[in-house]
Amino acid sequence: MNHRYGLNQAGFPASEIETTCEILADAGYDGVEPNYREGGLLTTADGRERVREAADGNGLAVPAVSTTLHWEYPLSSDDDEKQGRGIDIACEMVDAAATLGADEVLIVPARIFPGADYDADYRRAVESVREITGYAADAGVGVAVENVQNDFLYSPREFVEFLEAVEDSGPISAYFDVGNGFRWGLPDRWIRGLGDWISKVHVKDWLTDAHRPTYLLQGDIDWGSVVTALSDVGYDGWISAEIPPYNTAPHRMPPDELDTMQYLFEPSD
């Protein structure tokens, strides 16, 4: 396998992007995955250029741009203002990705609330993602839908059907999160069900009893089955950790997790 390894902003060890990129480069990472945040660097042209220079200056690629804002502004919302803001955020992410040379943006397609009309939310999510994907296609950027704990798309089959409902509007794929896949079933089942739709992978472990994510090899995921499944479907792309930095000595987390990712996903001699 010829995987490349990145770290999502959830685990950035420093508040300054320049320091973070230096730490990641020194540890041996291939990429850095920034989040689009309200008032953050990716919301302005100058800020995007600063991120691009920090990454380029340290020999790091930007595999994707992600965000947590679609929890606040769901693409499936029946509130037109919230849904519209969610679409605008995604389009701004596309603009940032184009500046940074990222080939995809990570999208959370829906958030289902108790008592919601699931079918109506599904239709609105499809409409939103189709609009975003069309905009992204014009910018030469793909859209990767992540499996998250949003009570939406409960199985690999339903996930694929959602992607198929969008694919004629532009490049669309699955950003598979192993930890979230474990939350909703067996990750290897998800991997085989999604197959060639997977364009990128997020990794974190999961503690079943505590019901929370944790660092690799410290939870309940059967990583051997995950590695085998990814190999079986021919996946050899980006693998990025999406876990928080240590509370003490945060700069020590990135090299620790990279070492574990390489242990898991690189063949032994």
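Since the structure is predicted, the reported quantities are computational estimates derived from the model, not experimental observations. Hydrogens, waters and symmetry mates play no part in the numbers below; they use all other heavy atoms, side chains included. Sequential numbering from 1 along the given sequence is applied to the chain's residues.
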Would you call Glu49-Arg52 a salt bridge at under 4.0 Å N-O? yes
Quiz prompt | Under 3.5 Å donor-acceptor, Arg130 side chain and Ala165 backbone | solution = yes
If two hydrophobic side chains count as joined below 4.5 Å and joins carry through other members, does Val203 share a cluster with Ile243? yes
Of all heavy-atom pairs linking Pro109 and Leu75, the shortest is O-CB, 3.4 Å
**Message:** With heavy-atom distances below 4.5 Å as the criterion, would you say the side chains of Arg192 and Thr228 are in contact?
**Reply:** yes
**Study point:** side-chain contact (heavy atoms from CB on, under 4.5 Å) between Leu153 and Asn147, worked out
**Key:** CA-CA 8 Å; Leu153 306 178; Asn147 58 309; over 6 Å; no
Heavy-atom closest pair (Ile198 atom, Lys200 atom, distance to 0.1 Å) is CG2-O, 3.6 Å
Does atom CD of Glu38 have more than 12 heavy-atom neighbours from other groups under 6.0 Å away?
yes
Inset, instruction - State whether the number of non-hydrogen atoms from other residues, nucleotides or ligands found under 6.0 Å of Asp196 atom CG is greater than 12. - result: no
dist Leu264:CG -> Asp259:CG (nearest 0.5 Å) comes out at 9.5 Å
Closest non-hydrogen contact found for Asn8 with Ser66 is ND2-OG, 3.0 Å
When rounded to the nearest 0.5 Å, the distance separating CG of Asp30 from NE2 of His3 is 11.5 Å
Is it true that atom CZ of Arg4 has more than 12 heavy atoms of other residues, nucleotides or ligands lying nearer than 6.0 Å? yes
On a heavy-atom basis, the closest approach of Pro34 and Val32 is CD-O, 3.4 Å
- Are Tyr215 and Tyr263 in one and the same hydrophobic cluster, where Ile, Leu, Val, Met, Phe, Trp and Tyr link if side-chain heavy atoms are under 4.5 Å apart? yes
Looking only at heavy atoms, the pair that brings Tyr118 and Glu158 closest together is OH-OE2, 2.6 Å
**OP:** Could you tell me whether the side chains of Asp205 and Trp223 share a donor-acceptor contact shorter than 3.5 Å?
**Re:** yes
Exercise. Describe, in one word, how the ring planes of Tyr122 and Phe162 are oriented to each other, choosing from parallel (under 30°), tilted (30 to 60°) and perpendicular (over 60°).
Key: perpendicular
Would Asp95 and Arg48 count as a side-chain contact (heavy atoms from CB on, under 4.5 Å) if you check the C-alpha gap in whole Å, the side-chain angles of each, and the deciding distance to 0.1 Å? CA-CA 9 Å; Asp95 295 340; Arg48 293 167 188 169; 3.7 Å; yes
Check your understanding: Please walk me through it: do Lys204 and Glu257 pass salt bridge (charged side-chain N to carboxylate O under 4.0 Å, His left out)?
Key -> CA-CA 10 Å; Lys204 56 177 173 275; Glu257 290 305 294; over 6 Å; no
Are the side chain of Ser76 and the backbone of Arg124 linked by a donor-acceptor contact shorter than 3.5 Å?
no
Fill in: Tyr73 and Asp79 side chains, donor-acceptor separation under 3.5 Å
no
- Task: Measure up the Tyr175 and His202 rings against each other and bin them: parallel (under 30°), tilted (30 to 60°), perpendicular (over 60°).
- Result: tilted
Separation between CZ (Phe113) and CG (Asp151), nearest 0.5 Å, reads 10.0 Å
Closest non-hydrogen atoms of Asp188 and Ser225, given as atom of the first, atom of the second and distance, are CB-O, 3.7 Å
| field | Check: Glu146 and Glu242 side chains under 4.5 Å, non-hydrogen atoms | value | yes
- Query: With side chains defined as the heavy atoms from C-beta onward, is the minimum distance between Leu258 and Leu7 less than 4.5 Å?
  - Reply: no
- Any donor-acceptor N/O pair, Ser169 side chain to Val166 backbone, under 3.5 Å: yes
With side chains defined as the heavy atoms from C-beta onward, is the minimum distance between Leu163 and Ser173 less than 4.5 Å? no
query: In this structure, are over 12 heavy atoms from other groups packed under 6.0 Å from Tyr154 atom OH?
result: yes
Below 4.5 Å, heavy atoms only, C-beta onward: do Trp71 and Asn150 meet side chain to side chain? yes
Query raised in the report: Using 30° and 60° as the class limits, which term best fits the ring planes of Tyr5 and Phe265: parallel, tilted or perpendicular?
Result: tilted
* Asked: Are there more than 12 heavy atoms of other residues, nucleotides or ligands under 6.0 Å from atom CD of Glu131?
  -> no
Kindly indicate whether the side chain of Val145, heavy atoms from C-beta on, has any atom under 4.5 Å from the side chain of Phe159.
yes
Mark yes or no for whether Thr43, through its side chain, and Gly40, through its backbone, hold a donor-acceptor pair below 3.5 Å.
-> yes
If only side-chain N and O atoms count, and only distance matters, is there a donor-acceptor pair under 3.5 Å linking Tyr246 with Asp256?
yes
Quiz item: Do the side chains of Val141 and Ile172 join up, straight or via other hydrophobic residues, at under 4.5 Å, putting them in one cluster?
Solution: yes
request  = With side-chain contact (heavy atoms from CB on, under 4.5 Å) as the test, would you mind laying out the steps for Asn58 and Leu24 before giving the verdict?
outcome  = CA-CA 9 Å; Asn58 286 280; Leu24 297 190; over 6 Å; no
CE (Met93) and CD1 (Ile132) are apart, to the nearest 0.5 Å, by 8.5 Å
- Assess the pair Phe176 and Tyr235: is the distance between their ring centroids shorter than 6.0 Å? no
Hphob cluster co-occupancy, Ile89 + Val148, side-chain heavy atoms under 4.5 angstrom:
no
**OP:** Evaluate the side-chain proximity of Met253 to Pro244: yes if any heavy-atom separation is below 4.5 Å, no if none is.
**Re:** no
Rounded to the nearest 0.5 angstrom, the CZ-CD distance for Arg111 and Glu72 is 9.5 Å
One should read off an interatomic distance between Ile17 CD1 and Glu53 CD, to the nearest 0.5 angstrom, of 12.0 Å
Out of curiosity, does Leu60 fall in the hydrophobic cluster containing Ile23 (side-chain heavy atoms, cut-off under 4.5 Å, transitive links)? no
Next on the checklist: For Glu164 and Val160: C-alpha separation, side-chain torsions, deciding distance, then whether side-chain contact (heavy atoms from CB on, under 4.5 Å) applies.
Outcome noted: CA-CA 6 Å; Glu164 290 174 340; Val160 168; 3.6 Å; yes
